[in-house]
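Okay, so here's the structure we're looking at.
For reference, positions follow the sequence shown, starting with 1. In each ligand, atom 1 is the first atom listed, and ligand 1 is the first ligand listed.
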Amino acid sequence: MKKRISLHIKGVVQGVGFRPFVYNLCQKLNLSGFVLNDPQGVKIEVEGEAKKISRFLKELKTKAPSASYIEKIEKKEIPLKEEKKIFIKESVFDKEKSVFICVDLSICDDCLKELLSKNNRRYFYPFINCTQCGPRFTIIKDVPYDRPFTTMKKFKMCKTCLGEYEDPSNRRFHAQPNACFCCGPSIKLIKDLKNRKVERISLKETKKILEKAASLIKEGKILAIKGIGGYHLCCDAKNSQSVKILRERKQRPTKPFALMVDDLKVVEKYCFLNKKEKGLLLSKERPILLLKIKKEEPWMQAIAPQQKYLGIMFAYTPLHYLIFHFLKKYQKEPILVMTSANKKDFPLVKEEKELDQLKEFADYYLIHNRPIYLRCDDSILRVFKNKEIIIRKARGYTPLFLDFKVKKNILGCGAELKSTVSFAKNNYLVTSSYLGDLKNYANYQFFLETLAYYQKIFDFKPEIVAYDLHPNYLSTQYALSLKDVVKVAVQHHHAHLVSCLFEHGLKEKVIGVCFDGVGFGLDGNIWGGEFFVLDRKSFLRKAYFKYFGLIGQDKAIQEPGRISFYILYHILKEKVFDLDLEFLKSFKKEQLKLFSTLIKKKMYVLTSSCGRLFDCASNLLGLKNKVTYEAEAAILLEMVAGDFKGKKSRFDFQIKKEKDTYIIDWEPLFLEMLKEIKRKKNISEIAYKFHYTLAYIIKEICCKLERDCGLKEVVLSGGVFQNLLLLKETVKILEKDFKVYHPQKLLTNDGGVSVGQVVVANENI
Ligand SMILES: [Zn+2]
Ligand SMILES: [Zn+2]
């Protein structure tokens, strides 16, 4: 029996080879009808034997192009039309825009093969791509995703390219960035910034540039190289002298650099790599993956000082592969440093006119003339219990669409560190890339740039705006400056936890544990070691760490010794001056006197921040006196603890009840820790004990709250849970009695706050 069905497919189905896939599938199954792009996705009508149609429907889902994402299929049966063939029809676009934009994709295997095949017309062409690969999100200026609305508009396709572009059976059918040596973008290598204009060049000239670039890297030079979402600074990772120079120039003494490789064997030589990690490393998203070091090499100390992990990504553009190809003339297993090219507290450089910002860092610039429209950093992931945890969400992972029904348009402005923004409209929530720390003018401009971009692409006008309670955040000030919108302030840790509730589809009351750095509290103090009973709408603060003082506010974050001093002075009073501890020596005598005066006069900011307690423990163990990047002291504590192999034990602590709230007193903990430091106990053991104690505290409080409220589900969130050792121990201890959730696709750090804000606001209107 024959029948005809009409299908409407929504999701990421444009620009990913979906129509040719449908076309070929119909030919294979002998079905007639048509397929076309429309504003919401792809529309299909197919006709044929009922059995064939059901097979079509099955394969539509199971064999769809890997770059596509089907959000929804609407299906209905319609009268027969009796055509003979299958057609790809002209796209229909009206005013309404399709919002589903594909993420940027790494080069596919077919293109890689062509790139390195002498007889191919794109041999060594640095911009080879097809419907299965290449830039997307970062070149799109407007929707629908069509060449005139991308930064490829200025390149007119040559006859051969156009032929591919118009041939439904071709891999490059409607591949919007399609190009070749005759018609597409070119590269250029420059030493000074006088002439940044890029002219079209031949294969021969391209080859010469690539050879030169490779020889410069071999010589130890630092190159600024244009990628998909912006520039990288690149040098030979095994050349510690180059890495040292890069560190000096960037004034980045210790923060680890990301590495790039083009060979799995190289990764396996130096790092542990399981199947899951292998898959992620080679995925189309090509994130930076944090991998445990297997074999320490001297050069790693310059890359990631005192770390146990390396951040490694696989080459993802044709240009990356070509650089590796030419480097192999000199080195057997090249490894490159590939770090985001930006000035401290500035966004990533994406345009040639911004290159002056890199003058102090780079010796040479490998530029090209395919413009990047929206800058986008590399994403960072790690694997925990065989599942990925996203630490920085950017290239390959944004825009991320999540199902979420709202009646009004909601904007979540995020917080300050690692900021993001989120939007909810109709049936979805979309969250932006990593925007950096929103602390200065340059990054604030990027924040505004991103907001404007999303508002245009998604045709989004906020009706409700959700923001952080912290009055000094630029994101808060932005929200408050908006006119004709309903404003909803959301407490920082409530947003953190609700983001996790949302990710796991939780709608009922749960116990929430938020261990974080900084978050403005309802009482005006800085919260960060919090236990809530909460749902998506509201929360009750049920327990927290006893407040302690931050001497000199933000200074105490940069110099954790100030926290150590407060804590020890609180416990020991004037006796603290008699202690023989490393951290005390990092301050002058007069400074310490001043601190004690400030404490006596209560001139400090109060906090319950768990992140700061980690800083303090790290500092007491002599690991860090001056922090040069966020959470550095805490990360070192985790690394040192990772070395401990003995029997687990914990420090003492005390839980007091004040009215309905539990206060966790850290005094016994630090007193005992101090004794062990004085006895010169192994610092790995002390560091481990600190982690284990915190996991144990979480369990104790959760058990009390279970008794009080009868709740069995625990949600963990906040920046401190980026610490995998703490997460591992906490989950292990809790799992016996509770169902435990933690963020995976959405972020546990402040990048997750904007999602939580939107969800909380939606419940409160
Ligand atoms: Zn391809
Ligand atoms: Zn061409």
Side-chain angles (χ1 to χ4, degrees), residues 12-21 23-24 63-69 101-140 145-148 150-187 198-207 227-229 262 281-286 313-325 368-371 395-396:
V12 181
V13 284
Q14 295 182 6
V16 289
F18 208 86
R19 284 174 302 167
F21 155 70
Y23 178 88
N24 291 326
K63 298 206 168 141
S66 53
S68 65
Y69 156 71
I101 296 172
C102 182
V103 300
D104 297 308
L105 304 166
S106 65
I107 183 171
C108 72
D109 292 345
D110 291 332
C111 285
L112 186 57
K113 211 182 276 165
E114 291 177 3
L115 179 72
L116 301 173
S117 308
K118 237 185 187 137
N119 297 324
N120 194 279
R121 70 186 193 94
R122 291 191 180 88
Y123 178 53
F124 287 166
Y125 183 56
F127 304 93
I128 186 170
N129 69 83
C130 72
T131 46
Q132 296 310 298
C133 73
R136 297 284 186 279
F137 177 56
T138 49
I139 59 165
I140 294 173
Y145 175 56
D146 225 345
R147 189 152 169 135
T150 70
T151 63
M152 284 299 289
K153 185 188 171 188
K154 64 175 185 175
F155 301 99
K156 195 170 175 296
M157 269 183 274
C158 68
K159 247 188 163 165
T160 323
C161 283
L162 192 64
E164 298 166 332
Y165 184 86
E166 288 176 339
D167 173 7
S169 65
N170 196 290
R171 205 171 90 239
R172 299 198 164 87
F173 176 68
H174 280 231
Q176 305 304 348
N178 191 28
C180 74
F181 275 114
C182 308
C183 62
S186 298
I187 54 170
V198 181
E199 311 279 350
R200 179 160 301 131
I201 57 169
S202 65
L203 163 63
K204 208 172 134 200
E205 290 163 290
T206 302
K207 211 176 141 200
I228 291 242
D262 78 330
L281 213 50
L282 295 174
S283 69
K284 283 179 179 306
E285 292 84 6
R286 295 282 157 97
M313 65 184 140
F314 228 76
Y316 56 87
T317 70
L319 185 56
H320 295 152
Y321 274 98
L322 290 171
I323 292 168
F324 277 101
H325 179 87
H368 65 67
N369 59 347
R370 184 179 66 201
R395 179 184 48 77

Quiz item: Less than 6.0 Å separating the ring centroids of Tyr125 and Phe127?
Solution: yes
Exercise. Please find out if less than 6.0 Å separates the ring center of Phe18 from that of Phe21.
Key: yes
Quiz prompt | Metal proximity, Cys182 vs the Zn ion (ligand 2), N/O/S cut-off 2.8 Å | solution = no
Quiz item: Quick one: do the Glu285 and Tyr316 side chains pair a donor with an acceptor below 3.5 Å?
Solution: no
Quiz item: Once rounded to 10 degrees, what value does the angle at the Zn ion (ligand 2) take between SG (Cys158) and SG (Cys180)?
Solution: 110°
Quiz item: How wide is the angle at the Zn ion (ligand 1) between SG in Cys108 and SG in Cys133, to the nearest 10°?
Solution: 110°
Practice problem: Can you tell me, to 10 degrees, how wide the angle at the Zn ion (ligand 1) is between SG on Cys130 and SG on Cys111? | Solution: 110°
Quiz item: Given the rule in the side chain to side chain donor-acceptor pair (under 3.5 Å) test, do Ser117 and Asn119 qualify, once you have shown the distances and angles that lead to the verdict?
Solution: CA-CA 6 Å; Ser117 308; Asn119 297 324; over 6 Å; no
